[in-house]
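Presented below is the structure to which this report refers.
The figures that follow rest on heavy atoms only: side chains count, while hydrogens, waters and symmetry mates do not. Chain A is the first sequence line, chain B the second, and so forth, proteins listed ahead of strands; every chain is numbered from 1. Just so we're clear, the structure is a prediction, and the values are computed from it rather than from any experiment.
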There are 4 protein chains.
Amino acid sequence: MSPKVSKEHKEQRRANILEAAKDVFIEHGYEQTTMKHIMDAANVSRGGLYQYFSNKEDVYEAILEEMLGTSMDRTEEVLKSEDPSYWEYLLRCLYGPDMEPDNKMDPLASPSLEFFITGRNDPRRRKYAKTRYYNGLKLFTDVIEQGKISGEFTTSFESEMIARTIISFTDGLALDQAIITKEDVKIKEQSILFIEYLRTILGVKQ
Amino acid sequence: MSPKVSKEHKEQRRANILEAAKDVFIEHGYEQTTMKHIMDAANVSRGGLYQYFSNKEDVYEAILEEMLGTSMDRTEEVLKSEDPSYWEYLLRCLYGPDMEPDNKMDPLASPSLEFFITGRNDPRRRKYAKTRYYNGLKLFTDVIEQGKISGEFTTSFESEMIARTIISFTDGLALDQAIITKEDVKIKEQSILFIEYLRTILGVKQ
Amino acid sequence: MSPKVSKEHKEQRRANILEAAKDVFIEHGYEQTTMKHIMDAANVSRGGLYQYFSNKEDVYEAILEEMLGTSMDRTEEVLKSEDPSYWEYLLRCLYGPDMEPDNKMDPLASPSLEFFITGRNDPRRRKYAKTRYYNGLKLFTDVIEQGKISGEFTTSFESEMIARTIISFTDGLALDQAIITKEDVKIKEQSILFIEYLRTILGVKQ
Amino acid sequence: MSPKVSKEHKEQRRANILEAAKDVFIEHGYEQTTMKHIMDAANVSRGGLYQYFSNKEDVYEAILEEMLGTSMDRTEEVLKSEDPSYWEYLLRCLYGPDMEPDNKMDPLASPSLEFFITGRNDPRRRKYAKTRYYNGLKLFTDVIEQGKISGEFTTSFESEMIARTIISFTDGLALDQAIITKEDVKIKEQSILFIEYLRTILGVKQ
DNA sequence: AATGAATGAGAATTCATTCAT
DNA sequence: GATGAATGAATTCTCATTCAT
């Protein structure tokens, strides 16, 4: 009656496939990746793969789901932390715990942008793109709003519009580094300048 | 004896195909478009199409070539114009003659980003992406540099870095409106805020 | 020590599977039905199902076996009954105890015809089809023959040929109602006419 | 501008494929036949075949279309012929010009029945089955009706019901010979008996 | 040059069957 | 005996590209 292999085992297997799939997507990009690539990377048979995911899109959606979940979690986490400063909080959201911009970006950013842009006429994919956008928008808007309330930010600009700018700029950076080269785009330097901009526009009090 | 007429004819035919192809790429996106789509839109036979272009990539490269040419031309044009103000000059580059940002974007931006991002591992495509990037970089850097020299801009930031920011932000905007929706992205409002930013960071003198 | 109980259990399980399988075959037809369908309907695991039947054909053969058995039984039964009239006896065979044709047909007729016709090049299936045919042929021939001997039927036609006609017509009716629609085929009306025909051709004495 | 290969050539090719496909369907049956079989029999490449027919069902529908067309034509033909006798006319419809039943049946009858019965839950196929049924029904009903009017048939039975019987019986015969064997079913003898039946039930006047 | 029929490689998907636990 | 995860063969279908005319 009870299943031969534990449910955890299935979860594990699924997770393994996803891990392998991520690598493949990072290496080949979304469009170029085939189910065969994933099979080979994950060491699953054709049928095995299809047991877990019904097609390539399904695999990628699972990855996105995970990413969105992770980002939500991180957001929660950050929100709970009794950060003394919304400014630092914002920087942490953008550049990680050390608040130091570097030249690294999420390697899944490229295949994700590819997934979204090649599927921009497909409602299903569009929905994922929107979720991703609005998740970010909510996070940044909230932080800025809180900072305003606390008196840390003295800007007269709309919080939401600033939040949008953060996303647009970040996406642009991700896009450019994907299609050109990390080195060419000077992500780090641009980020530093962008931080300056944000500080100014938000009217961050020392 | 002379092939002049026939050559003109060929040019014409090629141009027609490209016009039709643009429409198709705008409608379906780069990946989804097939040679059949182009054939049908351009009213050419299969063989006819292959006489002018050896594959889909070739067609799109021709379109890019034209776009790059046009942008270079526009740059030249603008540079020659005895614009009294580098600031206005910059705005004209970004938002056209009336310097007013609106919600419209180049409809070819989406398929182009798609072309670049899906082909980011292909040196050939990457080269196009780089050319596009560096063309823009050169233009904006030059203008800012000139503005500095003339004393119109009083910034202490590196011209090139500001130029990069312009490109990244613009690309991000283009990307977001492609994958979400014009309305959702509030291009116009974001652009207005971005102009404010530029004005500040460049230290534009009235 | 004795496997009696477990054997009964197995029989029961097998019977359950067959019952469920019948429903599935009736709903989806033979070809469209997959082992998965049967598993789900019977609430058996994949391996469990294969313990009892080695493939879909095997399942259907078991159903046929049962049907043939039932029909033989019914025949026996009817034969034993001290029916005063072979004519009524014949009608009972065709239309059940009340001898009234109606629009209902055996719901397994359709999947069975499908099973036979799609497998008409397979000796194994053909054998089942023949058994079914000759079972019926034997039954009807016997009844007619008996009726002749008893003087109830006064026909000069060969009993076997009339029996064949009964089968062909019945099969035709089953086929047509399967591929068209019960309503469209007017089974009941056709059956009434067919009874008239039989009465005439058999020369049934009141 | 004008096509390289004449339209007739395409028609010819299509017809060739259909001829080959018929043979294959007759040999393997509808379900067992694959596109590969047809490709090989017709000596076309995969792509070539798909240029003419988009899938197996499409191929078979073309065959059916042709059959229905042919049967309609034959009907027209027969109707135009100033046949002196509706009875002979009817026999010609059923058994060809010589009005002699034989053991041969249309070899496409089996795959067609298979096509209809396996697709009985598919509205598209059902429509073909209905068309086929109602075409026949119309033909036979008309002939019988005419025969009644002319006084040649003196039956009091509904023409339509007799017509239905003709179809059901014919279909039953086709089915049985498909799943058993021509020899086993004694088509010729059954047909002779059926003619007797029809003569009686129609009240054919000498 | 132009045509469009023909080609075939490659990707996706399904499902019967096996087999380790 | 039972389970259900895993396998892989078989098939469908699409499209870029070639090529005879």
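Distances from the side chain of D:Ser45 to the nucleotides E:dA1, F:dT14, E:dA6 place E:dA6 closest. With distances taken from any side-chain atom of B:Lys10 to the nucleotides E:dT7, E:dA1, F:dT17, the minimum falls on E:dA1. Ranking E:dA1, E:dA16, F:dA5 by closeness to the C:Tyr50 side chain, first place goes to E:dA16.
The pairing partner recorded for F:dT12 is E:dA11, the criterion being a Watson-Crick or G-U wobble arrangement whose two distances lie under 3.5 angstrom. A 3.5 Å limit on both hydrogen-bonding distances identifies F:dT3 as the Watson-Crick or G-U partner of E:dA20.
Ring geometry, D:Tyr30 versus D:Phe25: the interplanar angle falls under 30°, so the pair is classed parallel (tilted spans 30 to 60°). In this structure, A:His37 and A:His28 have parallel ring planes: the angle between them is below the 30° cut-off, well short of the 60° mark.
On a pure distance criterion of 3.5 Å, no polar donor-acceptor pair joins the side chain of D:Arg46 and the base of F:dT12.
What separates NZ of B:Lys56 from P of F:dT17 is a distance of 10 Å, to the nearest Å. Atom C1' of nucleotide E:dA16 and atom CZ of C:Phe53 are separated by 16 Å, given to the nearest angstrom. Atoms NE2 (A:His9) and P (E:dA20) sit 14 Å apart, rounded to a whole Å. We find that CD of A:Gln12 is positioned 12 Å from P of F:dA6, with the value rounded to whole Å. With rounding to whole Å, B:Tyr60 atom OH is found 16 Å from F:dA16 atom P. Residue B:Leu49 contributes atom CG, which lies 11 Å from atom C1' of F:dT17 at whole-angstrom precision. Whole-Å rounding puts the C:Asp40 CG to F:dG4 P distance at 11 Å. Rounded to whole angstrom, the span from the CG atom of D:Asn43 across to the P atom of E:dA6 amounts to 12 Å.
Here the shortest heavy-atom pairing between B:Lys56 and B:Glu31 reads NZ-O, 3.1 Å.
Residue B:Tyr52 is classed as a sugar-phosphate contact, given heavy-atom separations below 4.0 Å to backbone atoms only. As judged by a 4.0 angstrom heavy-atom cut-off over every strand, D:Arg14 is placed among residues making no nucleic acid contact.
Considering only heavy atoms from C-beta on, C:Glu27 stays 4.5 Å or farther from D:Asn121 through its side chain.
Scanning residues 16-37 of chain C for heavy-atom distances under 4.0 Å to DNA chain E yields C:Thr34, C:Met35.
Around CD of D:Glu57, the count of heavy atoms belonging to other residues, nucleotides or ligands within 6.0 Å exceeds 12.
Side-chain contact, D:Tyr60 with D:Ser112: a donor N or O sits under 3.5 Å from an acceptor N or O.
Each of D:Ser54 and A:Gln51 has a nearest nucleotide on DNA chain F; the 5'-most of these lies closest to A:Gln51. Where B:Gly48 and A:Met39 meet DNA chain E, the nucleotide closest to each residue was compared, and B:Gly48 sits on the side nearer the 5' end.
Both tests hold for A:Lys10 against A:Tyr52: distance to the six-membered ring centre under 6.0 Å, angle to the ring axis within 45°.
Between A:Glu61 and the choices A:Arg124, A:Lys127, A:Arg125, the salt bridge (Lys or Arg N to Asp or Glu O under 4.0 Å) rule is met once, by A:Arg124.
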